[in-house]
K.L.:
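Next up is a structure, given as C-alpha cells.
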Amino acid sequence: MASISKAEKAYIQSSLQSDPPLRADGRGLIDFRTIALESGIAPIANGSARVSIGRNAQDGGGGTEVVAAAKLEVESIGDGEGVDGGRVVCSVSCSPTAYPLLSPNALDDLQHDMTSVLNATLSHPTIRPKNLGILPGMKSWLLNLDVIVFSDAGNIFDAIFMAARAALWDTKVPRTKSVQYRAKKSDRSDATQAMDMDVDETAHVGSALDTRQTIQVADFELPDYWDEGEPLDGRQTWPVCLTLNLLPTLHFLDATLQEEASVPLKLLVFYSFPSDVTPLLRGMRLLGTGVSDLVQAKSLLKDGEKYARNVWVALEGKLKDEDLRRTQKARERFLNR
C-alpha cells in the first residue's frame, strides 16, 4: 500500500488517460508483468505453490510474492464443525515486512479482509471437491488452505488466487481403505462371542433367522504414505481473480502500488472455465470509494471474462509445465539411486 500526494495521483491518472496511455514500466493497459510460478515448495504440505508478479529478473527481488499451502486433516462429523463430504477453510496472513507502514491493528484488518474474500469464494459448497469424504456420516477431510503474503508490489488479489489455485492443483488426497469391525453377540447366555474384521466390504446383512445382535464400528486406514494419493477433484472449478482498476474513462490490469493508490475504485471478478461449459462467474467485489453504474458493471464483467480467460489459460500452461518438471526431476532422482 502506497501513500502518494495529490500531484502524483493527478500525474498518474493523466498519464493513464493520455493517447496513447503511458505507464511507468512501459506496459499497455491490459498487460501483466512477468509471472513466475513454482509448485511443491513445502514438503510437509499436501500441496503448495509460490507465485510472484513483477520480480526483478537481475536479482530476483521486488515484486509481489505469495505462498500458498494446503494441508489435509481428519474431522469427525457430528462432534464438531465437520461436514459430510468434507470442507475447505481458507486463511490469509501478511508478513509485517510486506506492509511496514501499517500498525498491527491495521494489518489484522487487512488480513481479515483478504481472508474474507478468499474463503467466501473457495469454500463455497458448489465447488467443494468430491473426494474429501472418508466415511459417510462419520469422518471427512478438512482442507486448510493457508496463504502468506511476503511482499506486495501491487495486484495482490490476483496473486493470492493464482497461488491458491496452484496449491490446490498440486494437492494430493491420500487414498483411504475402510475397516469394519463386526462383533456378534448371541442372545443365549451360554453362547460364545466372536469378533471379525472386514476390510473394504459392505455392511453385514444377516439372515432373517439369525437372532444375534450385530455391533459395527467403522474406521479407516491409509494404504499409502500420507503425501501420496489422487489429485484434488474439480481442478477446473477453482477460479482465478481478475482485478479491474477503474478510472472514469478506462480500466487497466495488474496495477503497481502507485497506480493502485491513484484509482478510486477496483472491481474483483472471480471466473472459472470448466471444460466444455459456459464460463462461470463465481463472485465479484467492488473495493474503494468510487461508484459504478449498472451499465458500466455489465461492460466490465464482459471484459473481465475475456481477461480472466487469458489468465486462466496462461496459468493452466504453467501448472502443466510444473507437473512435467517435477515428474522429470523425480524420474532422474530415481535413476540416480
Side-chain angles (χ1 to χ4, degrees), residues 39-51 66-93 114-148 160-181 197-203 216-240 270 272 274 280 282-283 319 322-323 326:
S39 61
I41 62 168
I44 63 174
N46 295 94
S48 59
R50 178 193 291 114
V51 167
V66 177
V67 171
K71 186 68 175 177
L72 291 162
E73 62 180 86
V74 178
E75 273 193 323
S76 295
I77 300 170
D79 297 338
E81 298 181 353
V83 176
D84 199 9
R87 64 191 181 107
V88 178
V89 175
C90 306
S91 67
V92 180
S93 302
M114 291 178 175
T115 297
S116 175
V117 172
L118 184 66
N119 194 65
T121 306
L122 298 188
S123 65
H124 198 275
T126 58
I127 58 175
R128 180 187 301 156
K130 297 179 180 179
N131 56 345
L132 289 182
I134 301 176
L135 298 174
M138 297 187 66
K139 294 183 183 295
S140 62
W141 291 112
L142 166 62
L143 175 59
N144 291 297
L145 179 63
D146 298 313
V147 178
I148 303 177
I160 287 174
F161 273 80
M162 287 181 194
R165 187 167 192 273
L168 293 170
W169 176 284
D170 185 54
T171 298
K172 299 293 188 299
V173 181
R175 287 180 289 269
T176 59
K177 182 183 295 184
S178 61
V179 179
Q180 295 179 345
Y181 300 92
M197 182 180 75
D198 292 340
V199 178
D200 276 343
E201 292 184 0
T202 58
Q216 296 186 355
V217 179
D219 204 345
F220 74 97
E221 63 182 12
L222 300 179
D224 298 317
Y225 292 106
W226 67 271
D227 58 346
E228 296 180 343
E230 59 185 6
L232 198 62
D233 178 68
R235 282 183 168 187
Q236 300 302 316
T237 62
W238 301 110
V240 294
F270 312 104
S272 61
L280 298 177
R282 298 291 183 181
L319 291 172
E322 274 295 291
D323 284 348
R326 294 178 62 192

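Computation of the quantities below employed the complete heavy-atom set of this structure, encompassing side-chain atoms and omitting hydrogens, waters and symmetry-equivalent molecules. The structure presented is a predicted model; accordingly, all values stated were derived computationally and were not measured.
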K.L.:
Between the side chain of Ser93 and the main-chain N/O of Ile148, is any donor-acceptor distance below 3.5 Å?
P.N.:
no
K.L.:
Can you name the nearest heavy-atom pair linking Ala49 to Ala163, along with the distance?
P.N.:
CB-O, 4.0 Å
K.L.:
Does the side chain of Val89 reach to within under 4.5 Å of the side chain of Leu145, using non-hydrogen atoms?
P.N.:
no
K.L.:
Under the criterion side-chain hydrogen bond (donor to acceptor under 3.5 Å, both in side chains), I'd like the reasoning laid out for Arg282 against Ser272: C-alpha separation, chi angles, the key distance, then a yes or no.
P.N.:
CA-CA 7 Å; Arg282 298 291 183 181; Ser272 61; 3.0 Å; yes
K.L.:
When rounded to the nearest 0.5 angstrom, what distance separates OG in Ser123 from CG in Leu143?
P.N.:
10.5 Å
K.L.:
Do you know which of Leu232, Asn144, Val173, Leu142 makes side-chain contact (heavy atoms from CB on, under 4.5 Å) with Leu72?
P.N.:
Val173
K.L.:
Do you know which two heavy atoms are closest between Ala69 and Ala167, and how far apart they sit?
P.N.:
N-CB, 4.4 Å
K.L.:
Arg87: what forms a salt bridge (charged side-chain N to carboxylate O under 4.0 Å, His left out) with it, not counting sequence neighbours?
P.N.:
Glu75, Glu81
K.L.:
State whether the side chain of Asp170 and the backbone N or O of Ile41 hold a donor-acceptor pair below 3.5 Å, judged by distance alone.
P.N.:
no
K.L.:
Check Ala164 against Leu118 and note the closest heavy-atom contact, atom names and distance.
P.N.:
CB-CD1, 4.2 Å
K.L.:
Please check if the side chain of Asp233 supplies one atom and the backbone of Pro129 the other of a donor-acceptor pair under 3.5 Å.
P.N.:
no
K.L.:
Residues in salt bridge (charged side-chain N to carboxylate O under 4.0 Å, His left out) with Arg50, at least two apart?
P.N.:
Glu38, Glu65
K.L.:
Can you measure from CG (Leu280) to CZ (Phe270) and round to the nearest 0.5 angstrom?
P.N.:
14.5 Å
K.L.:
Restricting to side chain to side chain donor-acceptor pair (under 3.5 Å), what partner residues turn up for Glu322, sequence neighbours left out?
P.N.:
Ser39, Arg325
K.L.:
With no hydrogens and no angle check, is any side-chain donor or acceptor of Arg165 less than 3.5 Å from a backbone partner on Val240?
P.N.:
no
K.L.:
Within this structure, what is the CG-CH2 distance for the pair Leu122 and Trp238, rounded to the nearest 0.5 Å?
P.N.:
6.0 Å
K.L.:
Please report the closest heavy-atom contact between Ser76 and Lys139, naming both atoms and the distance.
P.N.:
OG-NZ, 3.5 Å
K.L.:
Show the nearest heavy-atom pair for residues Thr171 and Ala70, with the distance to one decimal.
P.N.:
OG1-CB, 3.3 Å
K.L.:
Would you say Arg128's side chain and Gly86's backbone share a donor-acceptor pair under 3.5 angstrom?
P.N.:
yes
K.L.:
Under the rule for side chain to side chain donor-acceptor pair (under 3.5 Å), what residues qualify as partners of Ser140, not counting sequence neighbours?
P.N.:
none
K.L.:
Residues two or more places apart in sequence or in another chain: which of them pass side chain to side chain donor-acceptor pair (under 3.5 Å) with Ser91?
P.N.:
Asp146
K.L.:
Checking Asn46 side chain against Lys71 main chain: does a donor-acceptor pair fall under 3.5 Å?
P.N.:
no
K.L.:
Please say which of Val74, Val88, Asn131 ends up in a side-chain contact (heavy atoms from CB on, under 4.5 Å) with Trp141.
P.N.:
Val74
K.L.:
Which is it for Val147 and Val66 under the side-chain contact (heavy atoms from CB on, under 4.5 Å) test, yes or no, and what are the steps along the way?
P.N.:
CA-CA 7 Å; Val147 178; Val66 177; 3.3 Å; yes
K.L.:
I'd like to know if the side chain of Thr237 reaches the main chain of Gly234, judged simply by a donor and an acceptor atom lying under 3.5 Å from each other, with no hydrogens or angles considered.
P.N.:
yes
K.L.:
List in chain and number order the residues that pass side chain to side chain donor-acceptor pair (under 3.5 Å) with Trp169, two or more places apart in sequence or in another chain; answer none if no residue qualifies.
P.N.:
Asp323
